[in-house]
Protein chains: 2
Amino acid sequence: MDIEHYIEELFAKGHEKYLPHLSVDCVVFGFHDNELRVLLLKQRNVKQWALPGGFIKRSEPLEGAARRILEERTGMNDVFLRQFETFGATQRSSAKANEQFIQGLSFKVSESWLYDRFLTIGYYALVEYYKVKAVPDIFSEECRWHNVHKLPKTIHDHGEIVRRAWESLRIHLNYYPVGYNLLPEKFTMPELQKLYETILDRPLDRRNFQRKILSTGILQRLDEVKAGVAHKAPYLYKFHLANYEKALKTGLGFNL
Amino acid sequence: MDIEHYIEELFAKGHEKYLPHLSVDCVVFGFHDNELRVLLLKQRNVKQWALPGGFIKRSEPLEGAARRILEERTGMNDVFLRQFETFGATQRSSAKANEQFIQGLSFKVSESWLYDRFLTIGYYALVEYYKVKAVPDIFSEECRWHNVHKLPKTIHDHGEIVRRAWESLRIHLNYYPVGYNLLPEKFTMPELQKLYETILDRPLDRRNFQRKILSTGILQRLDEVKAGVAHKAPYLYKFHLANYEKALKTGLGFNL
DNA sequence: CCAAAAGTGTTTAAAATACACCCATGC
DNA sequence: GCATGGGTGTATTTTAAACACTTTTGG
């Protein structure tokens with residue numbers, strides 16, 4: 001099988017192409033059905049899920065690796081991406097933890113760089129849910145969104161990594177604007193609020209939220225209302241890109 | 001020479017003991033003469049300074065490596081230590097950049113794991129200035145404190161790393177208490193304020209600062225005043241450890 | 001016509017800021 | 001005795017939080 005061949009090659013010779021002992025894992029956040037979701041890959045031969053991850057080419061910038069991995073899994077480039085932590089506990093990954101996966105392979109590898117200890121550099125990404133064309137990697141049979149509140153069983157410390165990414169994102173939310181990468185171009189105020197509430201995991205006052213978010217100047221209201229909805233149609237907004245970019249740089253001393 | 005032998009061994013066989021391509025660098029902050037200072041090492045054969053850094057033993061936790069490195073350079077354990085960023089640009093380190101150092105060695109090494117690309121995981125530490133017994137490492141001839149405002153020429157991206165660490169510390173300051181690891185056991189309110197002003201790099205109002213910091217409950221005033229000072233003697237304070245620890249965990253939604 | 005969601009402003013409380021006078025000490 | 005820095009409190013402004021009624025629409 002083609003993929004098995006690919007995997008065998010990676011086990012045997014991956015260290016020639018990639019830096020050993022190092023991986024990059026991406027926590028890809030998307031927003032859908034009023035849920036904050038992360039993209040996870042279902043490992044072959046194993047009933048566990050994993051973060052989209054990969055290795056760093058020997059002469060590839062660290063962030064470049066993260067962007068490449070992200071593009072491979074989601075088809076997207078130019079997404080919001082932020083490094084948040086590097087995980088380096090000794091027990092965090094091991095050949096043991098991968099045993100089940102390895103045993104399911106059709107070939108035998110008695111030694112491989114992939115059996116070594118790995119440190120992983122964690123990035124989180126914010127992406128527009130509908131724009132993602134999720135594709136599994138060679139280790140996986142499926143790529144699916146999961147509600148951050150109901151994560152399935154994960155390999156290694158990937159559950160913890162998601163938790164930490166979410167934590168970083170919550171803090172991030174109080175410094176920088178968020179949403180451009182998580183919402184469609186046009187969106188309503190209640191949608192934006194839901195996004196914030198979902199990330200912060202608590203309800204916000206409708207009126208206070210609107211006042212504060214508008215005061216930042218990152219939004220512009222359109223002369224359009226959302227069509228085809230029950231009840232009163234809410235206005236559509238889009239981000240004021242110049243102000244949004246500025247706020248990304250200078251921050252917006254915000255407190256929701 | 002003994003040290004040269006040590007270095008030669010490290011060049012030749014270090015990769016057996018340490019993870020390749022990875023280093024840990026520590027930005028050690030101390031506070032003295034109303035200055036925020038960082039500990040830097042003067043490299044042998046080179047007119048440049050470097051952060052205290054080192055490598056990760058093959059079965060050593062990442063943070064453990066940082067603590068070991070810190071203890072080796074400062075003689076201190078149990079200091080405040082926080083990972084803040086991992087630096088992985090391709091051009092950040094190279095054999096070229098180390099050329100001068102290598103040429104100064106009495107032996108020749110044509111190949112070494114140390115010539116490879118390195119990613120470095122950045123930690124910053126907060127330490128009590130007077131408790132530090134700074135000792136150079138094998139690559140250095142001197143270990144000295146430098147004012148963060150007047151950093152000397154550094155190797156690689158170490159200047160940038162200091163800048164980023166300081167930035168992280170400034171943000172940190174608005175979430176968590178700081179000072180226990182930077183000040184002597186007993187200190188005065190003006191001293192604490194100077195520390196905050198120095199880290200934030202801007203003046204703070206005396207009365208407002210005192211009110212806010214006291215309202216957190218992390219301080220306890222002693223029935224003692226500072227002796228041997230000109231002018232009115234300020235009270236001495238110490239940290240209320242239980243409250244301080246609690247604040248380290250739960251944070252103190254602070255805004256100076 | 002009514003249930004459900006959106007639009008809009010005001011009042012109140014809390015927090016941040018600005019500011020001034022007295023006190024103790026070393027010189 | 002005076003210059004210097006430390007101690008203390010209040011008034012003002014700004015920001016956050018709480019809160020209710022009206023409007024629109026689909027069913």
Side-chain angles (χ1 to χ4, degrees), chain A residues 33-34 170-171 173-175 177 179 183-184 186-198 200-238 247 250-256, chain B residues 33-34 170-171 173-175 177 179 183-184 186-198 200 202-238 247 251-256:
Chain A
D33 279 348
N34 292 337
R170 277 200 297 267
I171 291 172
L173 209 58
N174 279 315
Y175 282 86
L183 293 171
K186 297 177 181 181
F187 52 89
T188 67
M189 188 61 72
E191 282 164 359
L192 183 63
Q193 183 178 338
K194 279 278 164 21
L195 170 63
Y196 272 77
E197 291 181 327
T198 305
L200 293 172
D201 205 22
R202 65 185 164 88
L204 298 170
D205 181 274
R206 217 153 52 87
R207 291 156 286 190
N208 293 335
F209 176 79
Q210 168 151 322
R211 181 161 357 102
K212 264 192 268 190
I213 202 92
L214 286 177
S215 76
T216 65
I218 61 169
L219 295 183
Q220 61 186 118
R221 195 169 91 173
L222 306 175
D223 286 330
E224 242 183 296
V225 293
K226 181 142 182 145
V229 291
H231 319 305
K232 182 166 185 175
Y235 284 102
L236 287 170
Y237 290 81
K238 64 180 185 181
T250 65
L252 27 76
F254 216 40
N255 261 315
L256 299 163
Chain B
D33 279 350
N34 293 338
R170 276 200 297 268
I171 291 171
L173 208 58
N174 278 316
Y175 281 86
L183 292 171
K186 298 176 181 182
F187 52 88
T188 66
M189 187 62 70
E191 283 164 358
L192 183 63
Q193 184 179 337
K194 280 278 164 23
L195 170 62
Y196 272 78
E197 291 181 329
T198 305
L200 293 171
R202 65 185 163 90
L204 298 171
D205 182 273
R206 215 152 53 87
R207 292 155 286 193
N208 295 334
F209 175 79
Q210 168 151 327
R211 182 162 358 104
K212 265 193 264 189
I213 201 93
L214 285 177
S215 76
T216 65
I218 60 171
L219 294 183
Q220 60 187 121
R221 194 169 90 173
L222 305 175
D223 287 330
E224 244 182 296
V225 292
K226 181 141 180 148
V229 291
H231 320 304
K232 182 168 184 175
Y235 284 101
L236 287 170
Y237 290 81
K238 63 180 187 182
L252 26 77
F254 218 37
N255 262 314
L256 296 163

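Naming: A, B, ... by sequence-line order, numbering from 1 per chain. Every value quoted in this text rests on a predicted model; they were computed, and no experiment measured them.
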N/O contacts under 3.5 Å, protein versus nucleotides 24-27 of chain C?
unit_1 : atom_1 : unit_2 : atom_2 : d
C:dT25 : O4'    : B:H231 : O      : 3.4

Atom-pair distance ([atom1] on [X]; [atom2] on [N]), nearest Å:
X      : N      : atom1 : atom2 : answer
A:M189 : D:dT24 : CE    : C1'   : 18 Å
B:Q193 : D:dG5  : CD    : P     : 13 Å
B:R206 : D:dG9  : CZ    : C1'   : 12 Å
B:F209 : D:dG7  : CZ    : P     : 12 Å
A:D205 : C:dG9  : CG    : C1'   : 12 Å
B:L204 : C:dA18 : CG    : C1'   : 14 Å
B:K226 : C:dC23 : NZ    : P     : 25 Å
A:F254 : D:dA16 : CZ    : C1'   : 12 Å

Can you tell me how far the [atom1] atom of [X] sits from the [atom2] atom of [Y], to the nearest 0.5 Å?
X      : Y      : atom1 : atom2 : answer
A:L183 : A:K238 : CG    : NZ    : 14.5 Å
B:L252 : B:L173 : CG    : CG    : 9.5 Å
A:L204 : A:L192 : CG    : CG    : 10.0 Å
A:K194 : A:D33  : NZ    : CG    : 11.5 Å
A:N255 : A:N174 : CG    : CG    : 5.0 Å

#### Entry: Minimum heavy-atom distance between B:I218 and B:I213, given as atom pair plus value
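Closest heavy-atom pair between B:I218 and B:I213: CG1-O, 4.3 Å.
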### Closest approach of B:R206 to B:Q193 (non-hydrogen atoms, all atoms of both residues)
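Closest approach of B:R206 to B:Q193, heavy atoms only: CA-OE1, 3.4 Å.
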#### Entry: Phosphate-side-chain proximity, B:R207 and D:dG5, N/O vs OP1/OP2 below 4.0 Å
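Answer is no, no contact under 4.0 Å.
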#### Entry: Any pair counted as salt bridge (Lys or Arg N to Asp or Glu O under 4.0 Å), so long as it reaches residues 210-225 of chain B, sequence neighbours left out
B:K186-B:E224
### Task
Go through D:dA17, D:dG7, C:dG7 for me and flag the one nearest to the B:P190 side chain.
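So the side chain of B:P190 is nearest to D:dG7.
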### Message
Angle between ring planes, A:Y237 versus A:F187, binned at 30° and 60°: parallel, tilted or perpendicular?
### Response
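Rings of A:Y237 and A:F187: parallel, under 30°.
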Protein N or O to nucleotides 10-13 of chain C N or O, pairs below 3.5 Å:
unit_1 : atom_1 : unit_2 : atom_2 : d
C:dT10 : O4     : A:R211 : NH2    : 3.2

